[in-house]
**Q** 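The following block contains the structure, expressed as structure tokens.
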Amino acid sequence: MAADDTVINKTVINDATVVSFDNYFSESWSTFHGLPHNTINAIAQTPDGYLWFATWEGVARFNGRQFDIFERSELTGLPDSGIRALTVASNGDLLVAGSRGGIARVKGHHWQSYPPLGVLINKVLVDSVQRLWLATEGEGVILQSPDGSRRQFIQDNGLPANAVHSLYEDTQGQIWVGTAAGLAMIDANLMLSTPFHDTLTSPVFALAAGDDQQLLIGAESGLYKLNKQQQLVQLLADVPVSTLLPEDSGGLWIGTVDRGLLRLYQNKLEQLSIEQGLPNNRILALLRDKEHSLWVGTNGGVFRLRDAPFTTYTTKQGLADNYVRTVLSDGKNCVYVGSSRGLDRICDGNISNIDLSSHAKGQSVLSLALGQAQHLWIGTYTDGLLHYANEQVIAHYRTEDGLAANEVRAILPMADGAVLVGTAQGVNLIKNGQLTTPVPAALLPSPFIMALYQTSDGRVFIGSGAGVSIWHNDTVRQLNFADLDLAQYAFGFVEDHAAGILWMTTDRGLVAFDLASEQLALIGRNHGMPFDKLFQLVIDKQQQFWISSNRGVLHFSRQQALDVVYGRRDQINYELFGESDGMISAQANGGSSPAASLHSDGSVWVATSVGVSEVQPARLSSFSAIIPPVVLEKLLADGQPYIPEQHIDFAAGTSRIELEYAGLGYIMPQRIQYRTMLEGYEQDWVFRGPQSNVQYTNLAPGPYRFNVVASYPDGGWSPVAASVSFSIAPHYWQRPLFQFLVLFLLVVVVIAAVRWRLGSLKRSEIKLKLQVAEKTTELAALARLDSLTGLANRRAFDEAMQHELKRAKRQKEPLCLALLDIDHFKQVNDNWSHSVGDDVLKRIAITLQLHCRDIDSLARWGGEEFVILLPNTSIAKAAEVCDRLRQQVASTSMADLVPDLTVTLSVGLAQLGSKDDGKQLLIDADRALYQAKNQGRNTVVVQPSDPIDTS
């Protein structure tokens with residue numbers, strides 16, 4: 001995906017000024033991302049939220065993360081995969097049409113095809129009285145009425161040409177027809193006329209209504225408008241228009257044949273072409289989706305323009321350089337941006353450069369600070385420190401003036417008017433124009449200074465490459481970071497006055513320093529932070545934390561951080577913003593200060609390796625206010641797919657139910673989160689995070705209903721859940737009638753036996769007890785064995801597991817559990833029958849039994865899954881055992897069953913954690929198995945955990 005803003009030269013087209021696109025975030029998709037073809041002929045969005053793209057190799061359905069392709073097949077009933085037209089009918093059905101006259105209607109997961117017309121269909125229109133209009137390539141216009149009758153309009157009837165490109169119904173019910181030789185109109189009485197046959201003879205590719213409901217006409221010769229006097233007015237000349245999309249605001253998006261994308265608004269014409277990141281200059285389709293993003297179909301793939309949380313300013317907008325090292329708000333209207341090639345000032349979105357060339361040869365700016373009277377202090381990379389006021393440099397300090405080094409990374413204007421300067425070789429103090437060295441470099445843990453801060457009580461904190469020092473009352477002491485995961489680099493400081501904490505961003509996470517007790521606490525990886533190195537913290541006006549890093553900008557609440565510091569919670573729930581959120585680069589810069597800044601309007605500015613990025617936290621609520629619809633995409637029972645719409649009855653013995661779902665949001669699809677509830681099994685909603693699938697194994701017979709809802713972070717949940725109901729039939733011995741009959745028969749037999757042997761009561765009683773005991777033993781044995789493989793079944797394994805769990809925790813011994821799943825087992829059943837599949841299962845069971853250790857407990861878990869309990873075994877040893885079993889199975893010959901058949905296993909392995917129970921151990925192993933499947937199968941994946949302390 002690509003994200004670029006657009007800058008072009010100003011020109012004039014029909015007195016409309018051409019300007020650049022601004023503040024749009026762009027992304028693109030092509031065959032590399034899963035599209036079947038890069039030519040996008042049409043785009044539609046159905047009421048359920050799916051986006052559909054028509055290509056020459058099928059229609060692609062997009063859920064924000066992946067494409068599902070529908071082409072010529074029994075499912076679609078289409079005669080050819082070439083799709084040219086998409087239209088959403090008033091009832092929400094999607095009409096798909098294209099090559100060979102193929103037409104299909106899509107509703108949910110169901111396709112209904114119609115007899116093909118034998119000619120390419122360019123456009124489809126369903127008018128206000130539910131008549132179907134088809135624009136064809138060579139057969140004119142075909143009208144099909146709801147009663148099935150058809151009528152054709154061709155050149156012999158007065159149509160300008162038989163090649164028809166566009167259709168549009170106006171408010172009077174008139175159908176406008178764009179042909180290869182001009183415009184035609186069919187009135188409510190189906191009378192054909194050509195009102196502009198003398199003035200418009202070029203191909204008409206697009207028809208739409210403007211904001212004043214006047215007809216807009218996009219032709220090869222330009223853009224036209226039909227005014228209220230029914231006169232044809234040319235708006236743009238010599239611009240081949242291919243598609244049109246009017247906006248409610250009065251603007252008009254214009255797709256062209258060879259000049260990219262245009263936007264006409266208030267006599268200004270914005271242009272986006274291939275030079276600015278458009279995949280191709282030929283535009284074939286335009287759509288504004290429900291989240292207000294603009295989707296553009298081109299000859300080179302799909303392009304999307306949308307609003308994003310972050311706005312990034314780069315050299316394209318006028319910055320001196322993209323490599324931004326420091327950013328500082330003046331507390332009023334402007335933000336200063338220091339880069340490797342100079343200093344810029346951004347005021348209300350306008351960028352102006354501050355020329356420092358007279359004093360800084362390279363103009364490489366590292367640090368910034370505002371002193372008294374709003375004077376600006378500028379630290380450079382090689383030219384020392386500049387004092388800037390009244391639009392000029394009024395003082396310049398270098399090594400020859402006593403500065404420790406010309407590389408200035410931190411500047412601290414102090415309360416008494418002095419300025420403390422942090423360099424690569426120590427600190428200096430400037431007071432009344434005089435330079436001194438208040439703290440000898442030898443007293444600091446490192447002379448490489450990156451951050452300075454003075455608290456309200458006068459203490460000065462000095463952040464360096466080897467720790468933090470405190471300078472107060474002419475004494476220097478170092479903070480002990482030894483218990484903070486060996487943190488060293490201190491990149492920035494922020495004082496939290498309300499909490500009495502000084503927050504420090506370090507190379508091991510976020511450090512909290514209690515200003516009263518001087519206690520230190522670390523919020524790091526153990527608390528869920530995704531990485532170690534944090535550059536700059538900003539606390540916004542909503543009391544939220546924004547922290548820059550090499551891998552994006554972290555966002556979480558200040559209250560969460562305080563709760564972790566004071567032991568009220570264990571984990572941080574964060575959001576990570578990056579390229580998909582409007583940043584050109586997720587790599588923020590640090591090592592000089594400030595690397596991020598809070599502006600007076602509440603926005604947060606971040607220095608990055610490609611420009612300076614701005615986010616307005618208050619705007620995030622507008623993104624969260626969007627609630628993505630949610631759909632069920634797949635349902636599998638023991639690997640067999642089902643349509644997740646109607647009620648489904650599963651056969652007895654169905655052991656694994658898998659469901660996949662998707663929240664159909666496209667602004668931040670990677671941040672959509674889910675909750676699910678299986679009625680009949682779960683009593684409340686289960687939070688799934690971003691996980692878009694769920695599995696249930698060995699459900700008891702009975703009715704169930706699965707529900708799923710979705711939301712963006714901090715947003716509302718879907719008001720209507722996507723759901724499907726199903727039931728699992730019981731085995732005959734699980735049915736109440738059968739159990740009653742067995743009990744009744746047993747009673748009858750006992751009574752008859754007692755009466756028949758009344759004369760020898762004692763002997764009969766003994767014999768009956770022996771019979772009952774034998775039956776009980778047999779039933780117990782059968783109940784503990786799997787009937788197919790002869791292995792222990794789930795019940796026997798559960799008993800063994802409970803025993804080993806208690807023993808492992810009592811004796812503090814390690815306990816591991818492995819789930820083994822036969823790879824592609826469904827293909828064995830589908831290709832060679834279930835009988836062969838049963839033989840494969842039995843052979844693998846024998847192989848596993850032969851090569852398992854005596855201390856291990858092996859059982860069939862269900863379907864093609866096995867489970868092994870490995871007591872008193874470390875996770876490393878367990879991994880060796882599992883890999884040996886995997887290799888033995890892979891080498892087991894199946895040639896007598898199916899020639900050249902090779903069977904492999906995927907194994908998920910987990911270790912009992914100190915706080916885990918058996919349920920969590922199974923969950924961990926199942927997650928590892930899921931990862932093994934995703935990593936290519938025929939492998940062993942170990943789920944990390946906190947093992948039992950065996951010391």
Side-chain angles (χ1 to χ4, degrees), residues 41-42 54 82-87 95 97-103 114-209 214-227 230-234 240-244 257 284-285:
N41 294 315
I83 307 301
R84 184 73 177 86
L86 298 173
T87 296
L95 294 174
S99 298
R100 304 194 184 187
I103 308 172
Y114 298 93
L117 299 179
V119 63
L120 175 65
I121 298 174
N122 286 322
K123 289 291 181 194
V124 176
L125 170 68
V126 180
D127 67 15
S128 55
V129 292
Q130 302 306 304
R131 295 178 299 187
L132 182 65
W133 298 80
L134 305 172
T136 73
E137 187 68 36
E139 296 292 338
V141 178
I142 297 175
L143 166 63
Q144 179 165 314
S145 299
D147 61 7
S149 62
R150 286 184 176 178
R151 180 169 176 178
Q152 189 173 14
F153 299 86
I154 57 175
Q155 198 166 355
D156 292 344
N157 309 130
L159 202 65
N162 283 336
V164 181
H165 304 298
S166 53
L167 295 168
Y168 173 73
E169 182 184 17
D170 65 18
T171 55
Q172 284 77 43
Q174 301 174 130
I175 306 298
W176 293 86
V177 183
T179 77
L183 188 66
M185 189 267 288
I186 302 173
D187 66 17
N189 296 317
L190 302 183
M191 299 298 295
L192 179 83
S193 62
T194 54
F196 307 108
H197 62 277
D198 293 330
T199 55
L200 182 58
T201 58
S202 66
V204 175
F205 298 118
L207 296 167
Q214 300 301 305
L215 183 66
L216 295 170
I217 303 159
E220 189 177 73
S221 57
L223 176 64
Y224 301 84
K225 180 178 181 179
L226 189 63
N227 65 17
Q230 298 299 297
Q231 298 171 327
L232 201 62
V233 179
Q234 189 170 38
V241 176
S242 56
T243 185
L244 297 169
V257 173
L284 299 168

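All figures in this text were calculated on a predicted structure; none of them were measured in a lab.
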**Q** Report the distance from atom CD of Gln144 to atom CZ of Arg131, rounding to the nearest 0.5 Å.
**A**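 It comes to 12.5 Å.
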**Q** Does Asp187 reach the main-chain N or O of Asn189 with its side chain, forming a donor-acceptor pair under 3.5 Å?
**A** yes
**Q** Count the heavy atoms of every other residue, nucleotide or ligand shown that sit under 6.0 Å from CZ of Arg100, and state whether that count exceeds 12.
**A**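 No, CZ of Arg100 has 12 or fewer neighbouring heavy atoms, counting only those of other groups under 6.0 Å.
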**Q** Among Leu132, Ile121, Leu86, Leu125, which residue meets the side chain to side chain contact (heavy atoms under 4.5 Å, CB included) test with Leu95?
**A**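 Exactly one option meets the side chain to side chain contact (heavy atoms under 4.5 Å, CB included) with Leu95, and it is Leu132.
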**Q** Out of curiosity, Tyr168 OH to Leu216 CG, how far, rounded to the nearest 0.5 Å?
**A** 8.5 Å
**Q** Quick check: closest heavy atoms across Val129 and Pro146, and the distance to 0.1 Å?
**A**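 Closest approach of Val129 to Pro146, heavy atoms only: O-CG, 3.9 Å.
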**Q** Mind checking the NZ-CG spacing from Lys123 to Leu207? Nearest 0.5 Å is all I need.
**A**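 If we round to the nearest 0.5 Å, Lys123:NZ and Leu207:CG are 9.5 Å apart.
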**Q** Between Gln152 and Gly140, is there a donor-acceptor pair closer than 3.5 Å when you use the side chain of the first and the backbone of the second?
**A**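 Not at all, since once roles are kept as given, no pair shorter than 3.5 Å links the two residues.
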**Q** Give a yes or no answer on whether the side chain of Asn122 reaches the backbone of Ala135 with a donor-acceptor pair at less than 3.5 Å.
**A**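 No.
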**Q** Please set out all donor-acceptor pairs under 3.5 angstrom arising from side-chain atoms of residues 218-225, sequence neighbours excluded.
**A**
residue: Ser221; atom: OG; partner: Ser202; partner atom: OG; Å: 2.9
residue: Ser221; atom: OG; partner: Tyr224; partner atom: OH; Å: 2.7
residue: Tyr224; atom: OH; partner: Gln234; partner atom: NE2; Å: 3.2
residue: Lys225; atom: NZ; partner: Asp212; partner atom: OD2; Å: 2.7

**Q** Could you tell me whether the side chain of Trp133 reaches within less than 4.5 Å of the side chain of Ile186, counting heavy atoms only?
**A**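 Yes, their side chains come closer than 4.5 Å.
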**Q** For the side chain of Asn41 and the backbone of Ile83, is there at least one donor-acceptor N/O pair under 3.5 Å apart?
**A**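 Confirmed, Asn41 side chain pairs with Ile83 backbone.
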**Q** Could you measure the distance from the CD1 atom of Ile175 to the OG atom of Ser128? Nearest 0.5 Å is fine.
**A** 7.0 Å
**Q** Between Asn162 (side chain only) and Ile154 (backbone N and O only), is there a donor and an acceptor less than 3.5 Å apart?
**A**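 Answer holds: no.
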**Q** For a quick test of reading the model, state the closest non-hydrogen atom pair linking Val119 to Glu137 and the distance between them.
**A** CG2-O, 3.5 Å
**Q** What pair of heavy atoms forms the shortest contact from Ala208 to Leu244, and how long is it?
**A**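 Where Ala208 meets Leu244 most closely, the heavy atoms are CB-CB, 4.1 Å.
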**Q** How are the rings of Phe205 and His165 set to each other: parallel, tilted or perpendicular (split at 30° and 60°)?
**A** tilted
**Q** Report yes if some heavy atom in the side chain of Leu134 is under 4.5 Å from a heavy atom in the side chain of Ile103; otherwise report no.
**A** yes
**Q** Over all heavy atoms of both residues, which pair between Arg150 and Pro115 is shortest? Give the atoms and the distance, please.
**A**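 Between these two residues, the closest heavy atoms are NH2-O, 4.4 Å.
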**Q** Could you give the distance from CG (Leu215) to CE (Met185), rounded to the nearest 0.5 Å?
**A**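 Leu215 CG to Met185 CE: 10.5 Å, rounded to 0.5 Å.
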**Q** Quick one: does Val141's side chain get under 4.5 Å of Thr136's, heavy atoms only?
**A**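 Not in contact.
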**Q** If you look at every heavy atom in Leu159 and Phe153, which pair is closest and at what distance?
**A** CD2-O, 3.4 Å
**Q** Decide yes or no for Glu139 and Leu117: does some side-chain heavy atom of the first lie under 4.5 Å from some side-chain heavy atom of the second?
**A**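 With C-beta onward as the side chain, the pair stays apart.
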**Q** Grab the two heavy atoms, one from Pro160 and one from Thr179, that are nearest each other, plus how far apart they are.
**A**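 Nearest pair, atom of Pro160 first, then Thr179: CB-OG1, 3.4 Å.
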**Q** Testing Thr194, Leu167, Leu192 for side chain to side chain contact (heavy atoms under 4.5 Å, CB included) with Val177, which one passes?
**A** Leu167
**Q** Kindly determine whether Leu226 and Phe196 satisfy side chain to side chain contact (heavy atoms under 4.5 Å, CB included), including the steps that lead there.
**A** CA-CA 10 Å; Leu226 189 63; Phe196 307 108; 3.2 Å; yes
**Q** For the atom pair CD (Gln174) and CE (Met191), what is the distance rounded to the nearest 0.5 Å?
**A**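 If I round to the nearest 0.5 Å, the distance is 13.0 Å.
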